[in-house]
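Data first, discussion second: the structure below is written as C-alpha cells.
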Amino acid sequence: MFKRLLIGLATLAVGAAACSGNPAPSQQSFDSTALVTWDRSPSTIVFRADLTGGSRDPFLSRSDVPACTVYGDNHIVWTNELGVNDLQILEDRLTDEQITNFVSFVAGNMQIYQYQARANLQPPGDISPMVETLTLFVNGVKHETDAFSGWDTDYYQAVLLACRQVSTAPVIYAPQAGWLSVEAVAYDSNVLAVPWSAQSSGLNLAEIAASGQPKWLSDGNVPILWNILLTSSAGVQLLQDNQRYRFALQIPNVTRDAPPAP
C-alpha cells in the first residue's frame, strides 16, 4: 500500500511540476539500488519536515513538535491535527526497509537533492515568514531545503504526507519525562489559565520560575502538562496561588531542539 502511495504522490508531483512555469532544476542522479545508511543514534535526525520562522514566541516554541521526524534509531514521530486545540502526536518504530523505501522516494522520485535551501538568502522584512523546510541526512550527507528553493506548490505536502504514512502501526505518543520551563507572567484576560496546585501535584511552579532553569521531570505531572499543551489554546497558562505562569515542555527526540536527558 505504501508503494502505491509513493507512486501516486510521485505522479502528482511530477505532473504538477510539468504544468508550472518554473524552470526544471539541474538533474542529479540517485541510485535507488544503492545501500542507504544513516547514523543510528536516537538523537540523529534522518529526515524532518518542519515549519520554521514566523512570529511564534521562542519560549513557547520549545514545546513544538515538527510535522514529521525520523530518528536514527528508526523512531518516527509526527503530528496529526484533529481540530481546533486538539493536536495528536503519533509515533512508531520503522523497519530499515520502510526507511530505505521512503528515502528512495524523497531522493529519487521527489529529487530532493535538486533543491537547495535559500530562506537565509531572502531580504529581511518586518515580519519573519513561516517557512516549510525539509532535512535528509543519509549516507553521510546532510541536505536541507526549504520553500524558497523552487519547489512546486504541492511539493512539501506530498513529501510530508509520505512521511506520515510510512508507519503501519502508529500509536499515540505519551511522554514519561521531559524538561519543564516556567516563567511568571502578568494577568491577561485573553489567555486561558488552568488552576495548578503545588501541594497536590508536588510541583511548585514558583520555584522553577525563580531558578530561571528548566527542570527535569519524570513523574505523573509530565503527561498531565503535555495533555494541557495539546488540548488548549496557544500560550495556555497555569494559575498557582493567584500567580500566572506560562510553561514549555521539551521532550528529547520528540520536540524541536530539546536538550538531552540528564
Side-chain angles (χ1 to χ4, degrees), residues 39 41-81 85-93 128 130-131 133 135 137 144 163 170-185 191-194 196 198 201-240 244-262:
D39 184 337
S41 169
S43 60
T44 295
I45 297 172
V46 176
F47 172 83
R48 172 168 284 178
D50 199 3
L51 287 174
T52 61
S55 58
R56 182 154 168 77
D57 188 294
F59 179 89
L60 298 179
S61 66
R62 297 180 186 181
S63 303
D64 290 348
V65 177
C68 193
T69 304
V70 178
Y71 291 94
D73 60 351
N74 293 27
H75 184 209
I76 182 172
V77 181
W78 70 100
T79 61
N80 182 30
E81 295 185 11
N85 301 328
D86 192 3
L87 181 65
Q88 191 178 62
I89 309 299
L90 300 172
E91 68 172 346
D92 195 6
R93 293 284 174 177
S128 175
M130 292 290 291
V131 181
T133 64
T135 301
F137 184 19
E144 298 177 324
C163 182
V171 296
I172 296 177
Y173 174 72
Q176 303 301 313
W179 293 101
L180 176 65
S181 300
V182 180
E183 289 185 347
V185 293
V191 180
L192 173 67
V194 177
W196 188 265
S201 65
L203 179 65
N204 192 321
L205 303 178
E207 291 180 355
I208 302 176
S211 72
Q213 299 296 325
K215 179 180 178 62
W216 179 255
L217 300 181
S218 56
D219 57 20
N221 288 309
V222 176
I224 293 173
L225 293 168
W226 184 251
N227 182 66
I228 292 174
L229 286 171
L230 297 185
T231 59
S232 304
S233 55
V236 59
Q237 299 172 357
L238 300 175
L239 179 62
Q240 176 184 296
R244 290 186 172 220
Y245 300 90
R246 64 176 188 168
F247 70 102
L249 194 59
Q250 294 174 282
I251 312 296
N253 305 329
V254 173
T255 59
R256 185 189 302 112
D257 301 326

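Remark: F247 CZ to E183 CD distance equals 12.5 Å, nearest 0.5 Å. Considering CD1 of I89 and OG1 of T255, their distance stands at 10.0 Å, rounded to 0.5 Å. With values rounded to the nearest 0.5 angstrom, S63 atom OG is found 11.5 Å from I228 atom CD1. Between the CD1 atom in I208 and the CG atom in L217 there is a gap of 6.0 Å [rounded to 0.5 Å].
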Next item on the list: In sequence, state the C-alpha distance, the side-chain angles, and the governing distance for L249 and L180, and then conclude on side chain to side chain contact (heavy atoms under 4.5 Å, CB included).
Entry: CA-CA 5 Å; L249 194 59; L180 176 65; 4.2 Å; yes

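For the pair Q176 (side chain) and A174 (backbone), a donor-acceptor distance under 3.5 Å is present. Not one N or O on the side chain of W196 forms a donor-acceptor pair closer than 3.5 Å with the backbone of N204. For the pair R244 (side chain) and V191 (backbone), a donor-acceptor distance under 3.5 Å is present. Side-chain atoms of N221 come within 3.5 Å of backbone N or O of S201 as a donor-acceptor pair.
Side-chain contact annotation: Y71 with R48, donor-acceptor N/O pair under 3.5 Å present.
For P259 against P252, the heavy-atom pair with the smallest separation is O-CG, 3.3 Å.
Partner of V194 under the side-chain contact (heavy atoms from CB on, under 4.5 Å) criterion, out of L238, L239, I224: L238 alone.
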